[in-house]
Amino acid sequence: MKARGEKIAALTAYDYPMAKLLDEAGVPLLLVGDSLGMVVLGYPDTTHVTMAEMEHHIRAVARAKTNALVGGDLPFKSYEDVDGAVANAKQLIAAGAEFVKAEGGVEILPQVRAIIAAGIPFCGHLGMLPQHVLEEGGYKIKGKQDAEHQKLLNDAKALSDAGAFGIVLELVTPPVAKEISESISIPTIGIGSGVDCDGQILVTQDLIGAFPWFTPRFVKPKVNCAREIKSAVTTWKSSVVAPEK
Ligand code: KIV
């Protein structure tokens with residue numbers, strides 16, 4: 001798609017009905033992100049998500065047998081060494097993922113190379129890394145300082161050279177995201193990183209207003225599902241407690 005100049009509109013999915021709906025809407029790439037920990041499982045951040053939880057939700061999405069490419073996140077601490085990374089990536093593929101994604105650049109390069117050598121398509125994730133939120137003390141924009149800017153460029157090149165098929169750029173300053181996108185041949189999929197990435201990904205709950213307790217600043221929900229659900233339920237409840245005779 002990048003070679004054809006087509007932008008990639010990707011979304012997250014964590015269950016069968018949403019995967020089917022997004023596929024029917026023509027979304028070409030679905031990610032079972034570890035954001036599922038926050039928007040589905042009620043954890044405060046993604047560091048609590050386990051392999052078992054990822055596998056469970058990947059299986060549900062895979063049952064939708066989508067035309068969309070389906071990938072899954074390697075969760076926190078599941079890719080600390082090469083053997084563990086490959087074993088866990090194989091488990092996500094066995095659950096139904098067609099690619100895996102992990103957070104980091106040159107520091108995880110041995111794991112990335114080993115995953116790709118095992119025949120598993122790999123997507124990188126640079127910029128703000130949610131699995132590092134506790135060490136970093138929050139979700140911070142990346143690429144403002146020269147050193148950060150240079151590291152992002154180096155990491156993107158290293159992942160691309162290692163054989164990654166794409167890279168998510170999360171909360172990267174738009175000029176740096178643009179520079180990265182122009183400097184590598186594989187697609188960048190941005191989230192909160194400006195319009196010049198080769199594609200965009202959002203957490204579906206944010207896009208449809210289904211997790212109203214927190215919406216990232218860069219998302220403008222297209223529908224307010226939370227309000228619609230509450231309204232439908234309130235109407236139905238009234239009809240139960242005070243039925244019209
Ligand atoms: O976990 C996730 O859903 C992600 C996307 C937001 C890119 O990594």
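Both ligands and their constituent atoms are indexed starting at 1 by order of listing. By convention here, the first residue in the shown sequence is residue 1.
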### Query
Looking only at side chains, do Glu103 and His132 share a donor and an acceptor under 3.5 Å apart?
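No.
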### Query
Side chains of Glu53 and His48: do they bring a donor and an acceptor to under 3.5 Å?
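Glu53 vs His48: no donor-acceptor pair found between side chains.
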### Message
Looking at Glu148 and Lys144, is any side-chain nitrogen of the basic one under 4.0 Å from a carboxylate oxygen of the acidic one?
### Response
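No, this pair does not count.
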#### Entry: Carboxylate-amine/guanidinium contact Lys140 Glu136, below 4.0 Å
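A salt bridge is absent here (no side-chain N lies under 4.0 Å from a carboxylate O).
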Dump the pairs for me: ligand 1 N or O, protein N or O, distance under 3.5 Å, to 0.1 Å.
| unit_1 | atom_1 | unit_2 | atom_2 | d |
| --- | --- | --- | --- | --- |
| ligand 1 | 1 (O) | Asp34 | N | 3.2 |
| ligand 1 | 1 (O) | Asp34 | OD1 | 3.0 |
| ligand 1 | 1 (O) | Ser35 | N | 3.0 |
| ligand 1 | 1 (O) | Ser35 | OG | 3.3 |
| ligand 1 | 1 (O) | Asp73 | OD2 | 3.1 |
| ligand 1 | 3 (O) | Ser35 | OG | 2.5 |
| ligand 1 | 8 (O) | Lys101 | NZ | 2.8 |

### Task
Tell me whether Ile108 is reachable from Met128 by hopping between hydrophobic residues (I, L, V, M, F, W, Y) whose side-chain heavy atoms are closer than 4.5 Å.
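The answer is yes; both residues are in one hydrophobic cluster.
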### Query
Is Val233 isolated, or which residues cluster with it under the ILVMFWY side-chain rule of less than 4.5 Å, directly or via members?
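Joined to Val233, directly or through intermediates: Ile229.
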